[in-house]
Amino acid sequence: MSCSNKSNNTRKPQYLATPGMYRTDTLISGNHLEPERVVTDNVINRTVDMRQFPVEIAEEFTDENQKLVLQLRNVRSTKISGRIIPESGQDNIRFNNIELNKQSIDGPFGKDFEYELNQVGDYSIVIQKSSMASGSQKGKFRVILK
């Protein structure tokens with residue numbers, strides 16, 4: 001469009017969704033939303049909506065006895081995979097177990113895992129220090145879930 005009003009173009013600008021209404025430039029993508037975080041004593045709880053997968057969660061353990069519990073919501077039968085990436089590369093941290101509806105438990109795993117979520121329900125993934133290995137769990141890390 002030119003700067004003058006002499007244009008014969010009757011096409012509406014693309015930023016108009018309906019007459020008098022403007023769209024914003026905001027882009028919200030599920031995998032960039034930070035899951036809800038609640039800390040109680042040494043337990044960090046994060047609620048993750050599986051409709052937002054894949055997700056990446058940044059976290060930090062400041063104590064040797066902390067654990068991270070990722071509560072998965074909107075679970076359907078699917079395969080899930082995860083990876084823990086410590087900032088220092090040497091942290092003693094792992095996927096400890098997966099719980100289904102606080103009834104059945106499977107694990108332990110390592111820094112990487114694949115698991116078949118074959119039931120509908122609420123799953124929890126527990127990440128914490130491995131008592132079978134040496135080293136500290138303190139430090140920053142990322143968890144990637146797909």
Side-chain angles (χ1 to χ4, degrees), residues 1 3 9-146:
M1 250 203 246
C3 293
N9 188 353
T10 57
R11 192 177 87 186
K12 292 182 181 177
Q14 290 182 347
Y15 58 83
L16 291 178
T18 57
M21 180 180 220
Y22 292 89
R23 288 191 296 181
T24 62
D25 252 351
T26 306
L27 176 64
I28 299 174
S29 175
N31 58 356
H32 294 293
L33 297 175
E34 196 65 22
E36 177 185 336
R37 184 178 195 267
V38 177
V39 180
T40 307
D41 298 322
N42 281 335
V43 179
I44 303 167
N45 287 292
R46 306 288 294 257
T47 302
V48 180
D49 188 333
M50 293 214 31
R51 294 177 295 194
Q52 297 175 348
F53 269 38
V55 295
E56 183 172 315
I57 301 164
E59 196 54 74
E60 179 177 16
F61 285 152
T62 57
D63 184 280
E64 288 296 326
N65 298 313
Q66 282 184 297
K67 71 179 177 179
L68 171 63
V69 179
L70 302 174
Q71 299 171 352
L72 304 180
R73 299 292 182 250
N74 297 311
V75 176
R76 294 195 172 107
S77 294
T78 188
K79 183 182 265 189
I80 184 175
S81 65
R83 170 172 271 176
I84 299 171
I85 305 170
E87 190 174 88
S88 69
Q90 300 299 323
D91 297 326
N92 177 12
I93 186 172
R94 69 173 179 185
F95 289 101
N96 196 48
N97 58 50
I98 294 179
E99 301 173 358
L100 169 62
N101 293 325
K102 299 189 184 218
Q103 294 174 356
S104 62
I105 298 174
D106 198 2
F109 304 96
K111 286 188 191 302
D112 298 297
F113 84 102
E114 282 191 4
Y115 196 79
E116 188 72 37
L117 304 176
N118 53 14
Q119 296 182 32
V120 174
D122 294 333
Y123 284 83
S124 295
I125 299 173
V126 180
I127 298 171
Q128 66 187 93
K129 181 178 183 173
S130 171
S131 57
M132 303 293 280
S134 62
S136 174
Q137 77 171 21
K138 289 183 184 180
K140 295 180 180 182
F141 61 95
R142 293 181 295 135
V143 178
I144 298 172
L145 297 175
K146 305 183 208 183

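If you read the sequence from its start, that first residue is 1, and numbering goes on from there. Predicted model, so just to flag it, every value in this text is computed and none were measured. Only heavy atoms go into these numbers, but all of them, side chains included; no hydrogens, no water, no symmetry mates.
Separating the CG atom in Leu117 from the CD1 atom in Ile98 is a distance of 6.5 Å, to the nearest 0.5 Å. Expressed to the nearest 0.5 Å, how far CZ of Arg83 lies from CZ of Phe95 amounts to 9.5 Å. Put simply, CD on Glu114 and NZ on Lys146 are 9.5 Å apart, with the number rounded to the nearest 0.5 Å. Atom-to-atom distance recorded for Thr78:OG1 and Glu116:CD is 7.0 Å, nearest 0.5 angstrom. Put simply, CG on Asn42 and CD on Gln128 are 10.5 Å apart, with the number rounded to the nearest 0.5 Å. To the nearest 0.5 angstrom, Lys138 atom NZ is 13.0 Å from Ser88 atom OG.
Atom CG of Asp41 has 12 or fewer heavy atoms from other residues, nucleotides or ligands within 6.0 Å.
Tested against Lys129, the residues Ile93, Asp63, Asn65, Asn92 include a single side chain to side chain contact (heavy atoms under 4.5 Å, CB included) partner, Asn92. Glu59 pairs with exactly one of Arg142, Lys140, Arg37 by the salt bridge (charged side-chain N to carboxylate O under 4.0 Å, His left out) rule, that one being Arg37.
A pairwise comparison of heavy atoms in Thr62 and Gln66 identifies N-OE1, 2.5 Å as the closest pair. Nearest approach of Arg46 to Ala58, heavy atoms of both residues: NH1-O, 3.5 Å. Contact record, Gly135 with Glu64: O-OE1, 4.4 Å, taken as the closest heavy-atom pair. Among all heavy-atom pairs drawn from Phe61 and Ile127, the shortest one is CZ-O, 3.7 Å. Heavy-atom minimum distance, Lys111 versus Pro86: NZ-CG, 3.7 Å. Smallest separation of non-hydrogen atoms from Phe113 and Leu145: CE2-CD2, 4.3 Å.
Phe53 places a side-chain heavy atom less than 4.5 Å from the side chain of Leu72. For the pair Ile125 and Val143, the minimum side-chain heavy-atom distance is 4.5 Å or more. Using a 4.5 Å heavy-atom cutoff, the side chains of Asn96 and Lys67 are not in contact.
The main-chain N or O of Ile144 is never found under 3.5 Å from a side-chain atom of Glu56 such that the two would form a donor-acceptor pair.
Scored by the salt bridge (charged side-chain N to carboxylate O under 4.0 Å, His left out) test, Glu60 finds no partners at all (sequence neighbours excluded).
In this structure, a donor-acceptor pair under 3.5 Å is absent between the side chains of Asn74 and Arg76.
Ring geometry for Tyr123 against Tyr115 counts as perpendicular: the plane angle is over 60°, on a 0 to 90° scale with 30° as the lower cut.
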Chi angles and distances behind the salt bridge (Lys or Arg N to Asp or Glu O under 4.0 Å) call for Arg73, Asp49: CA-CA 5 Å; Arg73 299 292 182 250; Asp49 188 333; over 6 Å; no
